[in-house]
Amino acid sequence: MQKLTPEQKQKLTESANPEETPNETPDPLVLILQTAKAKQQAQLDDLQTTIDALSEDFATRAAAIVETGLRNSYQLARQKIGAIDIRFFDLGETLPTASPLQLPEATP
């Protein structure tokens with residue numbers, strides 16, 4: 001790989017600041033580097049745009065999945081709650097027996 005000479009570095013710096021550029025023919029190596037830099041910048045910009053779009057798509061899809069899951073859970077809960085047999089309230093029957101709740105003893 002060829003290293004830049006101080007003159008080439010100066011020309012590259014001057015070409016980055018067009019208002020200071022003299023009316024010289026630019027060094028071909030500097031032009032190659034400027035072209036490569038511009039191409040890389042364009043590719044990075046395209047990558048950022050693509051990642052932003054993928055991020056938005058992911059967030060939209062994730063939100064839709066969560067919303068669908070919550071709606072399905074709500075509907076399933078309503079069905080299960082609606083299926084609970086509470087006829088014993090209407091018929092005056094005794095309530096079903098439940099296992100006694102045992103609390104842990106407090107230690108002093």
Side-chain angles (χ1 to χ4, degrees):
M1 178 174 201
Q2 184 180 5
K3 291 188 177 185
L4 294 177
T5 65
E7 294 82 22
Q8 290 171 330
K9 288 181 184 178
Q10 180 65 28
K11 287 180 183 179
L12 183 60
T13 303
E14 290 172 357
S15 66
N17 302 319
E19 63 277 355
E20 300 173 8
T21 305
N23 291 334
E24 298 178 17
T25 304
D27 186 354
L29 183 57
V30 172
L31 289 176
I32 291 170
L33 292 173
Q34 288 175 335
T35 303
K37 185 178 178 181
K39 184 176 181 179
Q40 289 175 342
Q41 185 60 47
Q43 289 173 339
L44 287 173
D45 292 343
D46 289 345
L47 177 62
Q48 184 66 54
T49 301
T50 301
I51 287 176
D52 290 345
L54 289 172
S55 176
E56 182 65 32
D57 290 346
F58 177 83
T60 301
R61 186 169 177 220
I65 289 169
V66 169
E67 182 180 6
T68 300
L70 290 173
R71 287 182 190 276
N72 291 343
S73 296
Y74 176 76
Q75 290 173 352
L76 183 61
R78 286 188 67 181
Q79 290 171 357
K80 288 187 176 196
I81 291 169
I84 295 174
D85 183 11
I86 56 171
R87 289 178 289 162
F88 56 84
F89 282 118
D90 293 339
L91 302 174
E93 296 176 7
T94 57
L95 294 174
T97 57
S99 58
L101 179 65
Q102 296 183 358
L103 299 174
E105 294 184 20
T107 55

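In this text the structure is predicted, and so the values were computed from the model without any measurement. Values below: all heavy atoms of this structure, side chains included; hydrogens, waters and symmetry mates excluded.
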Residues in side-chain hydrogen bond (donor to acceptor under 3.5 Å, both in side chains) with [X], at least two apart?
X: Q48; value: D52
X: D57; value: none
X: D45; value: Q41

With sequence neighbours excluded, residues passing side chain to side chain contact (heavy atoms under 4.5 Å, CB included) with N72: T68, Q75
Side chain to side chain contact (heavy atoms under 4.5 Å, CB included) involving I65 - partner list, sequence neighbours excluded: R61
Students should find that the hydrophobic cluster of L70, defined by side-chain heavy atoms under 4.5 Å apart, otherwise consists of V66
Which other residues end up in the same hydrophobic cluster as I51, if Ile, Leu, Val, Met, Phe, Trp and Tyr are linked when side-chain heavy atoms come under 4.5 Å apart? L47
Once salt bridge (charged side-chain N to carboxylate O under 4.0 Å, His left out) is applied, do any residues pair with E67, and if so which ones, sequence neighbours excluded? R71
Using the test salt bridge (charged side-chain N to carboxylate O under 4.0 Å, His left out), find all partners of R78 that sit at least two apart in sequence or belong to another chain. none
Between CG of L29 and CD of Q34, what distance do you get to the nearest 0.5 Å? 10.0 Å
